[in-house]
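Here is the structure we will look at, set down as structure tokens.
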Amino acid sequence: MQFVDESSIIVEAGKGGNGCLSFRREKYVPKGGPDGGDGGHGGSVYLIGDDALNTLIDFKYQRFYKAQNGQPGMGRQMSGKAGEDLHVKVPVGTTVIDEDTLEVIADVTEIGQVVLVAQGGRRGLGNIHFKSSTNRAPRRTTPGTDGERRNLRLEMKVMADVGLLGLPNAGKSTLIRAVSAAKPKVANYPFTTLVPNLGVVKLGMHEHFVMADVPGLIEGASDGAGLGLRFLKHLTRTRLLFHVVDVAPFDESDPVEAAEAIIHELGEFSPALAELPRWLVLNKLDLLPPEEREATADEIVRRLGWEGPVFRVSAIGSDGTDALVQAAYRWLTEQRRLENEDEEAAERAREMRERMEEEAVARTEARLGRKRKPSAEDDDDFDDDDYDVEVEYAP
């Protein structure tokens with residue numbers, strides 16, 4: 001399955017049916033009077049959140065969605081049939097943006113959530129509505145109105161509890177392979193991860209959480225460099241970030257400078273996202289001599305001025321990963337408990353999510369504002385950055 005997290009579509013609601021101009025014609029009933037019925041309302045277009053979908057690939061094949069028109073009215077005071085509404089399934093986590101106004105119409109975050117995106121046209125009235133004591137044979141009707149037509153942009157953000165953050169080759173894909181059944185590509189070169197990968201981390205029969213591995217960031221990612229701007233938005237759905245740092249880079253670069261660059265890009269993209277709880281995960285300690293590992297890790301923490309949780313792991317050998325995911329599960333469980341029992345905590349969490357969404361949308365609006373209009377030569381073929389995404393559950 002191809003992974004597509006952005007797509008543009010056109011939706012058009014149905015036109016309302018026209019009112020009918022008719023007079024009663026029946027044997028032995030002279031001057032029967034007006035009996036034109038009303039038209040039917042046009043169908044509306046709705047989007048519905050569906051957890052069976054995890055990509056917007058279907059909208060690459062079909063871009064135009066139209067609801068049914070309402071039927072015109074008929075004689076004998078018979079109304080036309082209303083047009084059927086059109087329900088379009090989208091993945092949970094989809095943000096709907098009006099491309100013409102850049103207004104965020106809705107955010108589909110729940111299974112079964114229904115969002116109206118194009119209102120159907122209203123029905124026209126038949127001439128029966130215009131009879132009066134001074135106008136016994138009205139020839140007036142009203143036409144049905146057109147349905148709404150909108151150019152929409154759909155942006156999907158993966159729904160995960162924990163997001164992995166770090167430079168290319170920091171070991172994020174190796175980490176998610178070590179703790180879940182996800183099998184993203186792993187290789188000794190940058191940008192081996194080109195699309196988000198989701199893994200379900202299972203600790204017990206009913207103990208699990210979802211982890212997301214997004215493509216690595218580089219300096220300037222918040223301004224569009226590398227793959228960062230396109231995929232940073234996926235982290236806005238998470239509750240907790242793991243900042244994965246390679247303690248022994250193959251290019252012998254400074255791990256502290258690398259970590260600071262990521263922190264800077266995070267703040268540039270979304271200040272609210274930068275405030276999200278973040279844990280430092282020092283990875284690839286197995287590449288250092290045993291006598292240097294503790295000192296190197298302590299030095300990185302000291303130079304960063306890091307005051308949050310720190311975990312020392314070697315993802316390729318699963319060393320230290322159990323303690324990491326156990327701590328994450330306990331933290332997530334406690335956060336949910338607090339939000340369920342404390343209204344103030346729940347409100348703070350909602351405000352944080354709203355801020356992250358607003359800032360992510362602002363970035364999207366800025367990017368769309370700079371984007372050129374598509375030319376007639378453009379086609380709908382797949383781009384090089386459309387790849388597979390998998391959600392796999394450990395047995």
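Keep in mind that the numbers below use all heavy atoms, side chains included, and drop hydrogens, waters and symmetry copies. Quick note: residue numbers are just sequence positions, from 1.
In this structure, L241 and V162 have side chains that are not in contact, with every pair of non-hydrogen atoms separated by 4.5 Å or more. Within the 4.5 Å cutoff, no side-chain heavy atoms of L86 are placed close to those of K66. A heavy-atom distance below 4.5 Å is not found between the side chains of V247 and N283. In this structure, the side chains of P249 and P255 come closer than 4.5 Å at one or more pairs of heavy atoms. A 4.5 Å side-chain heavy-atom check between H41 and R122 finds at least one atom pair inside the cut-off. Side chains of R150 and I105 form a contact here, defined as non-hydrogen atoms less than 4.5 Å apart.
Applying the 6.0 Å contact sphere to CD of E84 captures no more than 12 heavy atoms from other residues, nucleotides or ligands. Remark: R336 CZ is packed, more than 12 non-hydrogen atoms of other residues, nucleotides or ligands lying under 6.0 Å away. Annotation for R293: atom CZ counts as buried by contact number, over 12 foreign heavy atoms lying within 6.0 Å.
In this structure, a donor-acceptor pair under 3.5 Å is present between the side chains of D100 and N151. Using modelled atom types, one finds no donor on one side chain facing an acceptor on the other under 3.5 Å when comparing N127 with T141. No hydrogens or angles considered: nothing links the side chains of E155 and T94 as a donor-acceptor pair under 3.5 Å. Between the side chains of D38 and S79, no donor-acceptor pair is found at a separation under 3.5 Å.
Using bins of under 30°, 30° to 60° and over 60° for the plane-to-plane angle, the ring pair W331/W279 lands in the perpendicular bin.
Residues L282 and L324 are members of separate hydrophobic clusters, defined by side-chain heavy-atom contacts under 4.5 angstrom among Ile, Leu, Val, Met, Phe, Trp and Tyr.
Separation of the Y65 and F59 ring centroids falls under the 6.0 Å cut-off.
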Walk me through whether V281 and V313 qualify under side chain to side chain contact (heavy atoms under 4.5 Å, CB included). CA-CA 7 Å; V281 180; V313 305; 3.6 Å; yes
